[in-house]
Number of protein chains: 2
Amino acid sequence: MDMNKTDIIDPKSKRRRLPPDERRQQIVDGAVAFFAEVGLEGKTRHLAKRLGITQSLLFNYFESKESLIEAVYAQVYIDRLSPDWSQRLVDRSVPLRDRMLAFYTDYSKLIFEYEWMRIFMFSGLAGAELNRRYLDHMNKMILQPLLGEVHALSANSKTADMEDLWNLHGGIVYIGIRQHIYRMPCPDDPSLAIEHAVDRFLQAFAVEQD
Amino acid sequence: MDMNKTDIIDPKSKRRRLPPDERRQQIVDGAVAFFAEVGLEGKTRHLAKRLGITQSLLFNYFESKESLIEAVYAQVYIDRLSPDWSQRLVDRSVPLRDRMLAFYTDYSKLIFEYEWMRIFMFSGLAGAELNRRYLDHMNKMILQPLLGEVHALSANSKTADMEDLWNLHGGIVYIGIRQHIYRMPCPDDPSLAIEHAVDRFLQAFAVEQD
DNA sequence: CTATTTGTTGATCATATGATCAATAAGGAT
DNA sequence: ATCCTTATTGATCATATGATCAACAAATAG
């Protein structure tokens with residue numbers, strides 16, 4: 001087996017000099033994992049040690065700790081909301097139950113990630129505007145259209161309001177909270193619990209036409 | 001109007017020398033509000049300034065910041081779970097719906113407090129055992145008995161499991177999370193939303209006998 | 001009024017923190 | 001092999017942090 005010199009990574013040697021883009025990405029990745037674990041008040045020296053670099057190097061790629069955290073937000077939250085979710089939710093050629101299950105299957109895969117859930121909670125507690133922007137977006141792009149779809153199938157006198165939808169949503173989100181914030185034992189696969197929650201909701205408010 | 005010298009409280013003067021018990025309680029109260037707002041990594045000097053005392057005085061009443069936080073936990077969480085909740089939940093002389101509404105009305109009044117909710121989340125993220133102990137207790141004393149009651153009224157083939165109960169529970173708790181963690185607009189009175197959530201749950205799983 | 005007790009302060013310590021910058025050395029070009 | 005660019009480091013700064021303790025002063029007793 002022939003190995004190129006550059007293939008050999010000696011952990012003891014100071015393996016330095018990465019291409020800037022690569023190093024920057026390595027830092028962001030490490031920062032996501034680090035801040036998710038210890039919180040946004042985690043110290044730059046600890047992050048640097050975990051990355052195997054010096055603390056001062058961090059400030060070569062980010063002008064402040066705050067801007068590093070911005071990069072973390074960007075990595076974890078920006079452009080991870082599928083733009084076609086709102087469209088697929090209102091596609092009445094598909095049964096509403098299927099649409100809702102498809103959405104929450106996708107969405108829960110995203111938000112039940114350790115990093116997503118914990119950084120979202122840390123930043124929420126810190127009062128970052130990120131969270132309210134994100135949830136406003138959710139409200140406008142997901143829950144509002146969804147409410148319209150539920151109303152379109154309402155048979156009984158009982159009619160769902162936004163608070164009922166937040167209740168459905170919160171019950172599902174809470175699975176991730178139990179798992180990643182409180183570290184409680186949770187079902188390996190949450191899809192069954194999600195399915196039941198959606199069915200209970202639809203049983204109360206909507207009746208499929210066919 | 002004759003005023004005793006001791007009745008006059010001059011805010012500018014260093015009004016010192018409180019009875020130890022009183023001072024200690026003042027510090028704990030201030031610490032609860034302070035840590036709920038800024039998190040458990042809030043600095044002792046800031047807390048002291050807010051209380052109008054010196055930072056060193058804190059360490060006269062608590063041997064470390066950690067022990068002060070323990071006192072905060074004690075103040076907010078210990079002995080605030082009514083011991084008769086589990087009993088009243090299994091009192092079958094009362095309709096299950098009424099029992100559940102009574103419980104969640106009481107319980108939500110507790111956990112929807114700003115301090116309760118935020119400190120619980122901060123400590124959960126910090127990995128404090130407080131949270132898991134608390135939720136284990138909730139599971140054993142509330143949700144498990146409640147599951148038994150639901151089963152006793154199960155008519156259909158569908159039978160609730162613990163995950164369904166956590167879903168109900170989480171959907172309700174999430175109201176407080178939206179309000180105090182994400183600072184979103186929420187209904188002034190959550191009792192209606194709670195009522196609907198409980199009714200949806202019971203509609204799916206339990207039929208009252210009478 | 002004086003003395004005693006003790007709740008409270010201000011100065012201080014050792015360490016930790018975000019940030020800066022000149023000096024260094026890795027890796028490609030010549 | 002030698003030079004040159006620049007990614008990386010190590011020393012350093014100013015400030016902040018939890019914690020300690022001798023000195024101070026407010027309330028009470030004699």
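Below, chain A is the first sequence line, B the second, and so on; all start at residue 1. For clarity, every value in this text was computed on a predicted model and none was experimentally measured.
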Can you tell me if A:Arg200 and A:Gln203 form a side-chain donor-acceptor pair at under 3.5 Å? no

Which whole-number value in Å describes the distance from B:Leu58 CG to C:dG7 C1'? 14 Å

Spacing of A:Asn60 atom CG relative to D:dG10 atom P, expressed in whole Å: 14 Å

Does the base of C:dG18 carry an N or O that pairs as donor and acceptor with the side chain of A:Arg45 under 3.5 Å? yes

Nearest whole angstrom, please: distance from the P of D:dG18 to the CD1 of B:Ile69. 9 Å

Quick one: does A:Thr54 reach the base of D:dG10 with a side-chain donor-acceptor pair under 3.5 Å? no

With a 4.0 Å cutoff (strictly under), does any side-chain N or O of A:Thr44 reach OP1 or OP2 of C:dG18? yes

NZ/NE/NH1/NH2 to OD/OE distance under 4.0 Å, B:Asp199 and B:Arg97: yes

Below 4.5 Å, heavy atoms only, C-beta onward: do B:Val90 and B:Glu149 meet side chain to side chain? yes

From B:Ile27 CD1 over to B:Leu58 CG, what is the distance, rounded to the nearest 0.5 angstrom? 5.0 Å

Ignoring the backbone of B:His46, work out which of D:dA19, C:dT8, D:dT17 is nearest its side chain. D:dT17

A:Lys49 NZ - C:dT17 C1' separation (whole Å): 15 Å

Whole-Å distance, B:Phe62 CZ to D:dT20 P, equals 15 Å

C:dG18 P sits how many Å from A:Phe59 CZ, rounded? 6 Å

Where does the angle between the aromatic ring planes of A:His180 and A:Tyr114 fall among parallel (under 30°), tilted (30 to 60°) and perpendicular (over 60°)? perpendicular

Counting the atoms with a prime plus P, OP1 and OP2 as sugar-phosphate, which does B:Tyr61 contact under 4.0 Å by heavy atoms, base, sugar-phosphate, or nothing? sugar-phosphate

Value in whole Å for how far the P atom of C:dT8 lies from CG of B:Leu51: 12 Å

Closest listed nucleotide, where the reference is the side chain of A:Lys43 and the choices are D:dA19, C:dA19, C:dT17: C:dT17

Residue whose closest nucleotide on DNA chain C lies nearer the 5' end, A:Ser64 versus B:Gln55: B:Gln55

Report the distance from atom CG of A:Leu57 to atom P of D:dA11, rounded to the nearest whole Å. 16 Å

Remember a base hit wins even if backbone is also touched, and classify B:Pro20 as base, sugar-phosphate or nothing at under 4.0 Å, heavy atoms. sugar-phosphate

